[in-house]
Amino acid sequence: MPGELPAYTDAHIKAALLAAGASGTIYSLVMPESEAALAAIVDDRDRHFDMYREPWSQKQDDMHVAYFDTWTRWSRPVVDFPAELFPFRYPTAGASEGIFKIMAEYLATSRRDGFDPSIHIFDGEYEGFPAYAASLGIKVARHDRQEWRTVPSAVPEGAMFWISQPSAIDGMVWSDFPDFIDLMAAECPDVSVIPDLTYVGSVARAFTVDLHAPNIPAFVISHSKPFGGYYHRVGGVFSRTELSSLFGNKWFKNLQSLAWATAMMMRHGVFDLPRKYRAVQEEAARRVGSALGVPALAPADVMLLGIAPADEGQSDLVKQVFRGSRTQRVVRLCLTPGMTCLIDPAMAPITGPSLLESWANDGGVAG
């Protein structure tokens with residue numbers, strides 16, 4: 001795993017980016033709404049404690065069902081999928097557990113059926129994809145997203161392709177996603193395509209993710225990014241077929257986190273929070289861009305991120321957060337440190353004071 005860590009996780013680089021109100025690593029944005037929902041759950045002591053009582057009654061076995069039913073309704077303005085064809089639904093510790101378990105089962109299948117497994121991604125994708133594949137000893141192949149039409153000819157039979165939408169590469173809704181899915185289904189139907197929908201709920205503008213294609217056997221979801229729930233570790237897997245490695249999750253799940261995520265979805269629609277905080281994202285991008293000498297830094301579709309065109313004239317620090325293939329390279333920065341200070345400095349007592357002071361001392365940034 002250490003060999004898979006990007007350069008911007010270096011302590012010195014992290015500190016330099018944080019001083020500008022940004023980070024290379026994507027951290028979730030804990031909002032007042034995130035804390036309010038948790039407080040409501042914890043404060044209702046009788047209901048909260050009752051979730052955990054009498055486990056021998058097996059009442060907890062189905063407590064994740066409401067979470068998935070709520071997600072299906074909550075995501076409907078964005079995610080178009082045949083719910084009846086994805087009957088197997090597993091609560092997971094964020095999307096990461098689902099990603100790892102799906103890859104592990106894929107590896108076991110390859111050994112049973114005697115083919116060489118390989119994980120395929122676009123260059124610049126979510127770091128967890130290659131990291132988990134590497135930990136399992138599965139070969140990883142990266143492709144230039146601009147050349148997506150050539151992918152079917154470069155992917156072997158039995159391979160697995162992982163893709164995020166909205167995209168972790170640049171924090172944008174990838175407009176060619178539906179055409180890519182259709183192309184893969186038509187030209188290499190035996191290659192599984194697994195969408196990661198981690199950023200659904202983080203985008204202010206309307207868009208659609210269509211998951212009807214038969215080459216999509218499963219997809220993963222999470223509430224780390226849209227709701228600031230990274231340390232709640234709540235997410236899930238929707239699958240067409242049973243995943244035996246996740247069967248036990250009907251018991252092994254975090255009831256409080258599921259209750260919190262369900263409450264967040266009932267309180268806030270799929271577009272509500274990114275639309276509410278769009279102006280904060282814009283201001284954070286302006287301040288961070290000014291501090292780092294990237295005046296073109298602008299809000300991405302995903303409310304946590306700022307992006308700008310990449311060029312070799314930018315500073316060595318900024319080059320550490322370049323993403324994507326050579327033909328589509330961008331500067332991608334997480335804005336949550338700066339956004340948190342703009343929303344409520346009291347929610348960043350460790351880093352907030354120094355960041356606010358630096359903004360106040362920079363006439364080009366303060367305001």
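A salt bridge links Arg205 to Asp301: at least one charged side-chain nitrogen sits closer than 4.0 Å to a carboxylate oxygen. At a threshold of 4.0 Å, the pair Glu84-Arg240 does not count as salt-bridged, since none of the basic side-chain nitrogens sits closer than that to a carboxylate oxygen.
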### Task
For Ile169 and Arg145, run side-chain contact (heavy atoms from CB on, under 4.5 Å): C-alpha distance rounded to whole Å, both residues' side-chain angles, the deciding distance at 0.1 Å, then the answer.
CA-CA 10 Å; Ile169 297 173; Arg145 194 174 67 175; 3.8 Å; yes

### Task
Could you give me the CA-CA distance, side-chain angles and deciding distance for His48 and Gln256, then say whether side chain to side chain donor-acceptor pair (under 3.5 Å) is met?
CA-CA 8 Å; His48 185 250; Gln256 178 175 288; 2.6 Å; yes

### Query
So Ser167 and Met172, side-chain contact (heavy atoms from CB on, under 4.5 Å) or not? Walk me through it.
CA-CA 6 Å; Ser167 178; Met172 302 298 287; 5.8 Å; no

### Query
Run the side-chain contact (heavy atoms from CB on, under 4.5 Å) check on Arg142 and Val140 step by step: do they pass?
CA-CA 7 Å; Arg142 293 172 170 82; Val140 177; 4.1 Å; yes

### Message
With side-chain contact (heavy atoms from CB on, under 4.5 Å) as the criterion, how do Glu105 and Ser244 come out once you've worked through the C-alpha distance, each side chain's angles and the decisive distance to 0.1 Å?
### Response
CA-CA 8 Å; Glu105 291 205 19; Ser244 58; 3.7 Å; yes

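Note: the hydrophobic cluster containing Phe81 also contains Val193 (ILVMFWY, side chain heavy atoms under 4.5 Å, direct or indirect links). Tracing side-chain contacts under 4.5 Å through hydrophobic residues (I, L, V, M, F, W, Y), one reaches Ile194 starting from Leu107; they form part of the same cluster. Leu38 and Tyr231 sit in two unconnected hydrophobic clusters of ILVMFWY residues. Membership requires side-chain heavy atoms under 4.5 Å apart, directly or through other members. If you chain together hydrophobic residues whose side chains sit under 4.5 Å apart, Leu342 and Val30 never meet in one group.
The two atoms that bring Gln60 and Lys253 nearest to each other are O-NZ, 2.6 Å, heavy atoms only. Nearest heavy-atom pair, Ile163 versus Trp174, reported as atom, atom and distance to 0.1 Å: CD1-CZ3, 3.8 Å. Residues Pro91 and Glu97 come closest through the heavy atom pair O-OE1, 4.5 Å. Contact between Pro195 and Leu211 at its shortest, heavy atoms only, is CG-CD2, 3.8 Å. Nearest heavy-atom pair, Gly324 versus Arg329, reported as atom, atom and distance to 0.1 Å: O-NE, 3.6 Å. Closest of all the heavy-atom pairs between Cys334 and Thr25 is CB-O, 3.3 Å.
With hydrogens and angles disregarded, no donor-acceptor distance shorter than 3.5 Å links the side chain of Trp162 to the backbone of Glu125. No donor-acceptor pair closer than 3.5 Å links the side chain of Lys225 to the backbone N or O of Tyr199. In this structure a side-chain-to-backbone donor-acceptor pair under 3.5 Å is present from Ser164 to Ala168. At distances below 3.5 Å, not a single donor-acceptor pair connects side-chain atoms of Arg332 with backbone N or O atoms of Gly124. Remark: side-chain polar atoms of Tyr90 are paired, donor with acceptor, to backbone N or O of Leu243 under 3.5 angstrom.
Rounding to the nearest 0.5 Å places CZ of Arg326 at 9.0 Å from CD of Gln146. Rounded to the nearest 0.5 Å, atoms CD1 (Ile99) and CD1 (Ile119) are 10.5 Å apart. Here the straight-line distance linking atom CZ of Phe177 with atom CZ of Phe207 works out to 10.0 Å at 0.5 Å rounding. Summarising the geometry, atom CZ belonging to Arg287 is positioned 12.5 Å from atom CG belonging to Leu335; distances are rounded to the nearest 0.5 Å. The line from CG of Asp116 to OG of Ser110 is 7.5 Å long, rounded to the nearest 0.5 Å. To the nearest 0.5 Å, the span separating CG on Asp344 from CE on Met339 amounts to 13.5 Å.
With 3.5 Å as the limit, one finds a donor-acceptor pair spanning the side chains of Ser222 and Ser224. Side-chain atoms of Trp148 and Asp176 include a donor-acceptor pair closer than 3.5 Å. Inspection of the His232 and His223 side chains reveals no N or O donor paired with an N or O acceptor under 3.5 Å. Side-chain contact annotation: Asp123 with Ser325, donor-acceptor N/O pair under 3.5 Å absent. A donor and an acceptor atom, one from each side chain of Asp80 and Thr208, are nowhere located under 3.5 Å apart. Judged by distance alone, the side chains of Tyr277 and Glu33 do bring a donor and an acceptor atom under 3.5 Å apart.
Considering only heavy atoms from C-beta on, Pro32 comes within 4.5 Å of Ile343 through its side chain. Looking at heavy atoms from C-beta onward, Ile221 lies out of side-chain contact with Val200 at the 4.5 angstrom threshold. Gln281 is not listed as a side-chain neighbour of Val302, based on a closest heavy-atom distance of 4.5 Å or more. For the pair Lys14/Leu18, no side-chain contact is recorded, criterion being any heavy-atom separation below 4.5 Å from C-beta on. In this structure, Trp71 and Thr262 have side chains that are not in contact, with every pair of non-hydrogen atoms separated by 4.5 Å or more. When side chains are defined from C-beta on, Phe161 does not count as touching Asn215, because their heavy atoms never get closer than 4.5 Å. Between Val191 and Met184 the shortest side-chain heavy-atom distance falls below 4.5 Å. Side-chain contact between Cys341 and Trp359: present, with at least one pair of heavy atoms (C-beta onward) separated by less than 4.5 Å.
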Return a table of donor-acceptor pairs under 3.5 angstrom between the side chains of residues 303-315 and protein atoms on other chains or two or more places apart.
from   : atom 1 : to     : atom 2 : distance (Å)
Asp311 : OD1    : Gly313 : N      : 2.7
Asp311 : OD1    : Gln314 : N      : 3.2
Gln314 : OE1    : Asp311 : N      : 3.1
Gln314 : NE2    : Pro309 : O      : 3.1
Ser315 : OG     : Val318 : N      : 3.1

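Residue Lys139 places its NZ atom among 12 or fewer non-hydrogen atoms of other residues, nucleotides or ligands, all under 6.0 Å distant. Environment of CE in Met51: crowded, with over 12 heavy atoms of neighbouring residues, nucleotides or ligands closer than 6.0 Å. Around atom CD of Glu157, no more than 12 heavy atoms belonging to other residues, nucleotides or ligands sit under 6.0 Å away.
When ring centroids are compared, Tyr126 and Phe129 come within the 6.0 Å threshold. The aromatic ring centroids of Trp74 and Phe227 lie less than 6.0 Å from each other.
Under a cutoff of 6.0 Å and an axis angle of 45°, Arg233 and Tyr230 form a cation-pi pair.
For the pairing with Phe238, the ring pair (Phe, Tyr, Trp, His ring centres under 6.0 Å) check across Phe219, Tyr67, Phe88, Phe86 returns one residue only, Phe219.
With sequence neighbours excluded, no residue satisfies ring pair (Phe, Tyr, Trp, His ring centres under 6.0 Å) with Phe271.
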